[in-house]
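Chain A is the first sequence line, chain B the second, and so forth, proteins listed ahead of strands; every chain is numbered from 1.
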There are 2 protein chains.
Amino acid sequence: MSFYIDKFHFNTDSLLDGLPKKEFRELKVNMIRREFKTGKSIFKEKSYPTGIYIMRKGKVKIFKTNKEGGQQIVYIYCKGEIMGYRSILSNEPHPVSAVALENVVVSFIPREKFLSTVSHSLDLSNRLLRNMAHEFTVWTNTISVFAMYPVRERVALSLLVLNEKYRRNRYKNKLPVISISRDDLAQYVGTAKETLIRMLQDFKQRKMIRTSGRKKIVVLKPSELEKITKLY
Amino acid sequence: MSFYIDKFHFNTDSLLDGLPKKEFRELKVNMIRREFKTGKSIFKEKSYPTGIYIMRKGKVKIFKTNKEGGQQIVYIYCKGEIMGYRSILSNEPHPVSAVALENVVVSFIPREKFLSTVSHSLDLSNRLLRNMAHEFTVWTNTISVFAMYPVRERVALSLLVLNEKYRRNRYKNKLPVISISRDDLAQYVGTAKETLIRMLQDFKQRKMIRTSGRKKIVVLKPSELEKITKLY
DNA sequence: ATGATTCATTGACATTTATCAATCATGTGT
DNA sequence: ACACATGATTGATAAATGTCAATGAATCAT
């Protein structure tokens with residue numbers, strides 16, 4: 001049985017695609033293509049949102065920074081997903097920061113255009129509702145994993161989630177290649193880099209994963225990792 | 001400066017109150033008063049939602065259960081808040097369970113009635129959107145706290161949050177009394193009961209809190225607890 | 001009021017995870 | 001190909017947290 005990534009992934013792909021022509025055109029007209037090079041900031045915690053971002057290419061990490069300067073990655077956005085619309089709806093500053101993990105291309109829709117379409121489109125409004133409601137499931141799962149599971153299980157789970165997220169990038173018939181630095185992965189798992197590396201070494205010796213270079217990880221035996229998570 | 005509970009509390013009080021008369025009446029007609037005694041289950045993880053619950057009296061814990069039977073409390077609902085509507089909107093089973101922490105009174109609105117009102121009321125739809133968008137802020141904060149902060153800080157923070165949640169119950173001029181078992185509090189903080197108790201003992205000796213009987217905790221010096229959380 | 005039961009507390013100890021320092025490997029620019 | 005800079009890895013150790021077992025205190029049913 002395959003890993004049920006839905007519990008840890010938003011999957012907003014079709015949010016705008018099935019929209020009635022009128023609203024779709026209304027939003028599309030206001031879209032601007034924007035690019036962000038690897039490592040560039042897209043928006044910062046506590047700043048006020050200026051618009052929404054529809055992911056076209058690349059990956060974006062969403063994280064919070066604490067007093068000591070440490071970062072906790074709470075989500076990684078992929079192609080098709082929509083970022084940054086919640087703070088616009090609740091009229092609050094961004095609770096998190098966003099940085100490009102790879103070269104990123106997005107479609108940007110300015111705040112006011114988005115808001116005005118939402119405010120008069122029951123269809124869009126209901127789609128967003130359904131979408132956010134599903135995201136709730138993702139957040140509760142994430143919280144319970146962080147609060148209850150030991151590092152080893154969190155690493156296994158994170159690799160499985162990332163394996164699905166990076167699946168789209170793969171070449172025909174090839175296994176997905178997770179491309180992420182040890183620092184970022186540690187912050188995603190919520191542990192120290194050294195501890196993360198020890199877990200990866202262990203998985204490597206058990207032939208569950210293979211690593212190469214500085215930031216490539218290939219999952220060889222997802223089913224073994226699933227056993228570790230005890231979540232299958 | 002007072003503790004900013006908004007970051008850890010939904011506050012859905014006015015969600016239905018300001019609604020246009022028509023929709024309000026439509027929902028009100030379908031409300032049923034229901035009661036749950038302390039410890040009774042309101043809904044269970046993986047079951048399909050039958051309706052929404054508007055909290056009128058008491059407290060409800062929302063939690064996930066893991067393989068080993070352990071529970072992680074992810075939220076505590078208070079008077080005025082609305083439970084259980086997200087899973088209805090996303091048409092998914094409940095990702096969490098709900099159990100009454102005290103004797104609880106709710107107004108229950110059956111699934112279909114709620115859905116039909118949402119589907120044709122742009123006003124209600126937009127209110128729910130704003131509401132869920134704010135909740136997102138709460139979830140990211142919760143995740144980063146669980147992932148990055150040590151037990152001592154999580155206990156201090158949890159006491160501050162609960163202090164606000166229990167504020168409404170207090171008698172005139174009296175300090176709020178947090179009424180919760182050690183087991184529940186430990187599950188809310190995400191730690192072992194014994195570890196929690198040691199932290200409480202420490203806070204007691206420092207005169208930050210007072211305890212009495214099995215499940216009463218009074219916060220004496222919130223500002224000292226705030227210092228511990230380093231979040232003020 | 002009394003005994004039974006459940007829950008809270010304490011202590012000793014084991015385990016997990018973080019931290020610090022040193023070394024190694026990879027990728028970069030020349 | 002070479003040296004530099006950055007990130008990855010390893011080892012030793014400390015700190016945080018969990019577990020188990022024993023004891024004490026509050027609540028409940030009679």
Side-chain angles (χ1 to χ4, degrees), chain A residues 37-39 61 66-72 101-102 145-159 177-205 209-218 228 230, chain B residues 37-39 61 66-72 101-103 145-159 177-205 209-218 228-230:
Chain A
K37 295 279 176 199
T38 305
K61 66 172 172 181
N66 66 9
K67 318 298 145 306
E68 291 86 35
Q71 293 183 355
Q72 172 60 42
L101 278 179
E102 315 167 351
V145 166
F146 272 117
M148 314 179 79
Y149 296 99
V151 173
R152 185 181 162 81
E153 295 176 29
R154 298 209 304 273
V155 173
L157 179 60
S158 300
L159 289 173
V177 177
I178 299 169
S179 177
I180 191 169
S181 76
R182 297 294 180 265
D183 275 309
D184 280 333
L185 186 51
Q187 285 163 13
Y188 185 62
V189 171
T191 190
K193 180 163 75 162
E194 295 90 334
T195 304
L196 168 82
I197 286 171
R198 290 181 173 106
M199 300 296 165
L200 291 181
Q201 294 308 326
D202 178 57
F203 294 167
K204 247 163 99 170
Q205 278 168 15
I209 65 171
R210 173 161 29 94
T211 68
S212 63
R214 270 187 185 169
K215 36 190 289 185
K216 292 190 193 319
I217 301 173
V218 176
I228 291 173
K230 299 176 195 151
Chain B
K37 295 278 175 202
T38 306
K61 66 172 172 182
N66 66 9
K67 318 300 145 305
E68 290 87 34
Q71 293 184 355
Q72 172 60 42
L101 278 180
E102 314 166 352
N103 290 337
V145 165
F146 273 117
M148 313 179 79
Y149 296 98
V151 174
R152 185 182 163 81
E153 294 176 28
R154 299 209 303 272
V155 173
L157 179 60
S158 299
L159 289 173
V177 176
I178 299 169
S179 176
I180 191 170
S181 76
R182 297 294 180 264
D183 274 309
D184 279 334
L185 185 51
Q187 284 162 13
Y188 185 62
V189 171
T191 189
K193 180 161 73 162
E194 296 90 333
T195 304
L196 167 82
I197 286 172
R198 290 180 175 111
M199 300 296 164
L200 291 182
Q201 295 306 327
D202 179 54
F203 293 168
K204 246 163 98 170
Q205 279 168 14
I209 63 171
R210 175 163 26 94
T211 68
S212 63
R214 267 186 187 169
K215 35 190 288 184
K216 292 190 193 319
I217 301 173
V218 176
I228 291 174
T229 67
K230 297 174 195 153

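- Comparing S212(A) and V151(A) by the nucleotide of DNA chain C that holds the closest heavy atom to each, the one mapping nearer the 5' end is V151(A).
- The only option from K61(A), R214(A), K193(A) that meets the salt bridge (charged side-chain N to carboxylate O under 4.0 Å, His left out) definition with D184(A) turns out to be K61(A).
- Taking only side-chain nitrogens and oxygens, T191(B) never comes nearer than 4.0 Å to OP1 or OP2 of dT17(D).
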What protein N or O atoms touch nucleotides 3-11 of chain D N or O atoms at under 3.5 angstrom, if any, and at what distances?
| residue | atom | partner | partner atom | Å |
| --- | --- | --- | --- | --- |
| dT6(D) | O2 | R214(A) | NH2 | 2.2 |
| dA8(D) | OP1 | R182(A) | N | 3.1 |
| dA8(D) | OP1 | R214(A) | O | 3.3 |
| dT9(D) | OP2 | R182(A) | NE | 2.8 |
| dT10(D) | OP2 | Q201(A) | NE2 | 3.3 |
| dG11(D) | N7 | R198(A) | NH2 | 2.4 |
| dG11(D) | O6 | R198(A) | NH2 | 3.0 |

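- Of all nucleotides in DNA chain C having an atom under 4.0 Å from a heavy atom of chain A, the first and last in 5' to 3' order are dT17(C) to dG27(C).
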Mind listing the side-chain donor-acceptor pairs of residues 194-204 of chain B below 3.5 Å, one per line with the distance, residues two or more places apart or on another chain?
| residue | atom | partner | partner atom | Å |
| --- | --- | --- | --- | --- |
| D202(B) | OD1 | R206(B) | NE | 3.0 |
| D202(B) | OD1 | R206(B) | NH2 | 3.4 |
| D202(B) | OD2 | R152(B) | NH1 | 2.4 |
| D202(B) | OD2 | R206(B) | NE | 3.2 |
| K204(B) | NZ | T211(B) | OG1 | 2.9 |

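- F146(B) approaches Q72(B) most closely through the heavy-atom pair CZ-NE2, 3.3 Å.
- What separates CE of M148(A) from P of dT17(D) is a distance of 17 Å, to the nearest Å.
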Begin from the C-alpha positions of T229(B) and Y149(B) and carry the test side chain to side chain contact (heavy atoms under 4.5 Å, CB included) through to its verdict.
CA-CA 9 Å; T229(B) 67; Y149(B) 296 98; over 6 Å; no
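- Side-chain contact between E68(A) and K230(B) is present, with at least one heavy-atom pair separated by less than 4.5 Å.
- By the neighbour-count criterion of 12 heavy atoms within 6.0 Å, atom NZ of K37(A) is sparsely surrounded, having that number or fewer from other residues, nucleotides or ligands.
- Checked by atom type and distance alone, the side chain of R210(A) never pairs as donor or acceptor with a backbone atom of V218(A) at under 3.5 Å.
- Using a 4.5 Å cut-off on side-chain heavy atoms (C-beta onward), I178(B) and L185(B) make no contact.
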